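One structure is given here, and the rest of the page talks about it.
Heads up: numbering here begins at 1 and tracks the sequence. Just so it is clear, the structure is predicted and the values come from calculations on it, not from any experiment.
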Amino acid sequence: MKTKINSLAFNTVHGSFAKEKILQGNFDISYSEASQKIDIKTQKLKIGSDAFDIKAFFNIGKQNSLFGINIETNILWRNASNLLSANISSKLNQFDLKKPIEVNCDIKGDLNVEGDPKIMVQADIRNNELTIPDGLFTNCSFKGIFTNNFKPEKGFNDPNSAIILTHFKAEYETIPLTISQAVINNLEKPIATGIVNADFDISKLNGMSNEKILHFESGHAKANLRFQFDIVDLYINKPRITGEVDIDNATFDYLPKSIHAEKTAVQLSFTEQALYIKKIAYKHKNNIIRIDGKIDNFLNLYYDAPEKMVVNWNIYCPSIDVKQFLGVLKNSPTQKTVQKKTVKKKNVNFTNQLKSVIEKCTAVINLKADKITYGSLTATNTKATLQMLNSKLLLKNGTLQTSGGSIAFNGAILPSGNQYIFSSNAQVNRVDIASFLRSFNNFGIKSFSPKNIKGRLSSNANVTGLMSSKGDLIVNSMRGKLDFNVNQGALLDFEPIMKVGKFAFPFRDVENITFSDLSGSLNLRGEQIDIRKLTISSSVLNFDIDGIYSFGRGTNLALTVPLRNSKNDANLATKEERKAVRERGIVLHLIAYDNEGKIKIKWGKRDKE
């Protein structure tokens, strides 16, 4: 036979099979009248440029109308697709296999029964290159089966059709994958299921996306995951996975936050109910962090509502430097999207989705640290609950020990440009005041240094302010209220008091003053501090201060100084008794004021505003 196929159609709406193809070959046909059976055999039957070996039989008796057709060929994917009607080839042409594949197709049916016959197609793919709408698989080998009778009791039809892949091995954008078996069933609404295994150096992940989020330098990953996903318009849609992922000795950069991590180990467990972070051992600069956690309802929220996702972390740190981690809060820089002449995919891009989840989810962190450093401040036995939401860090129920005392705190930190806005409510209990002041660079006060003061500080502060990009306090930005007192204290070589002493008490030693009471109530408003009341009861003299202290210009302080000797006041039994005798006798009223950047002293009372 040699002929041209103009049209071969089961349904002319869908188009022709082998349209405009030359059909050429020899047929061996036999008919047995006894068995009422026709047998047909042809080898190297040419349909277009491809050759097919076909065996077929047809029973034409009244009691037996079964038939069977078996087709074998070695053919390119696109050539096979182009032999089919347009409604089928248009879908198949979105896939491709670069090299020819061995295919066997078996069709069995009954000429007297309506509906489709049973169809079984088997293919053997070796060292090929598979293109799918979502990407490219190289070094690809597998055995593939198509059946339209996946569950025998449900008939021969598209809803009961399936594609079964076995012994799948390939590299997806340099990532080696193995799938022992995967099934795509119900070709009306396709659902893919299977188990995928991967074992690879994670530096191979660097080539997986155009938008860089993570850059891996070293490390190894193993994954054993069961997957399920819908196929919408031939694209993978919202894959759901369960199983285990282990990452060992990873060194990477999280580029949006400029974070560099070394020797990181991760163990993840995906379940239907939650994602369990079994173990993360993480090293960042001089910090070592151990993390475990849980994300409830992870599979549903990841795609549909990442803003509702809550990541519960338990973090333990033997040692951590707070300033080194402030970069985690910085907003990711806006990057211009480079327009490329590529076909836009209909599925959700993995890296874009991951970035969206990271930015939108809420992280609740239960922190425990043996040692925390913040500049010169060193704290131990730190506990706190941290909540991260949209780059904002909330600190709740925090406690730590430092400078021989303890601090309880709540607060918040929010990036703003190149700075951070912070708010804090802190209760300081009996810390060594000199050590504490040194830790915060003396809060920018120039008129005295930590060496001028001794004692135990307790305070209650409710303040807001700014920190620099390096995490240093910008002192003249602070606003709020501060109440404090110092016990077992001493003032040593404190210049303003020494000036007052030399001016008012030239024969008294004011260079070394011990005091039983040093307390104050301050209102912070940027560069200036309103001293509502600062009380000093000392071994040399008592005095009270109120007015304005400025970090720059504008200091105007009123000092009330009783002249009586206060040496024995500390021996009085009660605070009320000490208060009753405090201002007996002659009382001096002095003003400490700013004079071209230097503090001057004069007689008088400060004018009230």
Side-chain angles (χ1 to χ4, degrees), residues 77 94-99 101 125-144 165-182 184 192 194-227 229 231 234-241 243-256 259-268 270 302 335 337-338 340-358:
W77 178 273
Q94 294 190 55
F95 302 84
D96 195 17
L97 284 160
K98 188 174 183 180
K99 300 177 183 178
I101 57 175
I125 291 88
R126 298 183 183 180
N127 301 320
N128 217 314
E129 190 174 280
L130 169 62
T131 303
I132 65 172
D134 292 278
L136 176 68
F137 291 92
T138 57
N139 299 323
C140 182
S141 298
F142 64 93
K143 292 183 184 257
L165 307 181
T166 61
H167 304 98
F168 183 97
K169 291 184 178 181
E171 291 183 3
Y172 181 74
E173 299 195 21
T174 73
I175 306 301
L177 303 174
T178 60
I179 302 174
S180 57
Q181 180 172 295
I184 304 172
I195 298 176
V196 60
N197 296 285
D199 190 336
F200 60 96
D201 291 330
I202 59 174
S203 59
K204 293 184 177 181
L205 291 170
N206 292 330
M208 287 194 66
S209 65
N210 292 325
E211 184 175 0
K212 301 300 183 183
I213 296 178
L214 294 168
H215 179 78
F216 295 93
E217 294 180 10
S218 63
H220 196 79
K222 292 183 179 181
N224 184 11
L225 300 170
R226 184 181 298 274
F227 63 84
F229 54 81
I231 300 176
L234 303 180
Y235 286 88
I236 294 173
N237 184 55
K238 297 181 179 179
R240 301 169 64 87
I241 57 175
E244 309 289 331
V245 176
D246 291 329
I247 299 173
D248 184 53
N249 205 32
T251 297
F252 65 91
D253 292 290
Y254 179 57
L255 301 178
I259 296 173
H260 180 74
E262 299 177 352
K263 298 182 180 179
T264 302
V266 181
Q267 291 182 358
L268 305 177
F270 295 86
Y302 183 85
Q335 296 180 350
T337 302
V338 179
K340 295 185 178 182
K341 296 181 180 180
T342 56
V343 178
K344 185 178 180 181
K345 294 183 179 181
K346 297 180 181 179
N347 66 316
V348 177
N349 181 275
F350 172 76
T351 52
N352 289 341
Q353 180 66 29
L354 176 61
K355 185 178 180 181
S356 175
V357 169
I358 292 172

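His220 and Asp246 share no donor-acceptor pair across their side chains, judged by distance under 3.5 Å alone.
Put simply, the side chain of Phe200 does not reach to within 4.5 Å of the side chain of Leu177, judged on heavy atoms. No side-chain heavy atom of Ile179 sits less than 4.5 Å from a side-chain heavy atom of Leu165. Taking 4.5 Å as the limit, some side-chain heavy atom of Asn224 sits within range of a side-chain heavy atom of Ile195.
Rounding to the nearest 0.5 angstrom, the gap separating the NZ atom in Lys98 from the OG1 atom in Thr131 is 9.0 Å. Within the model, atoms CD of Glu217 and OG of Ser203 stand 10.0 Å from one another, a figure rounded to the nearest 0.5 Å. Atom OG1 of Thr251 sits about 10.5 Å away from atom NE2 of His215, to the nearest 0.5 Å. Interatomic distance, Leu130 CG to Glu171 CD, rounded to the nearest 0.5 Å: 13.5 Å. Rounding to the nearest 0.5 angstrom, the gap separating the CD1 atom in Ile202 from the OG1 atom in Thr264 is 8.5 Å. Atom CG in Asn128 sits 8.0 Å away from atom OG in Ser141 (nearest 0.5 Å).
The two residues Ala170 and Phe168 make their nearest non-hydrogen contact at CB-CE2, 3.5 Å. Shown here for Asn127 and Lys99, the closest heavy-atom pair between the two residues is O-NZ, 2.9 Å. The heavy-atom pair separating Ile247 from Ala221 by the smallest distance is CG1-CB, 4.1 Å.
Not one N or O on the side chain of Lys143 forms a donor-acceptor pair closer than 3.5 Å with the backbone of His167.
Annotation: salt bridge (charged side-chain N to carboxylate O under 4.0 Å, His left out) contacts of Arg126 (sequence neighbours excluded): Asp124. Residues forming a salt bridge (charged side-chain N to carboxylate O under 4.0 Å, His left out) with Glu129 (at least two apart in sequence, or on another chain): none.
Relative orientation of the Phe252 and Phe216 rings is tilted, given thresholds of 30° and 60° on the angle between their planes.
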### Task
Go through the steps to decide whether Val266 and Val245 satisfy the test side chain to side chain contact (heavy atoms under 4.5 Å, CB included), and finish with yes or no.
CA-CA 8 Å; Val266 181; Val245 176; over 6 Å; no
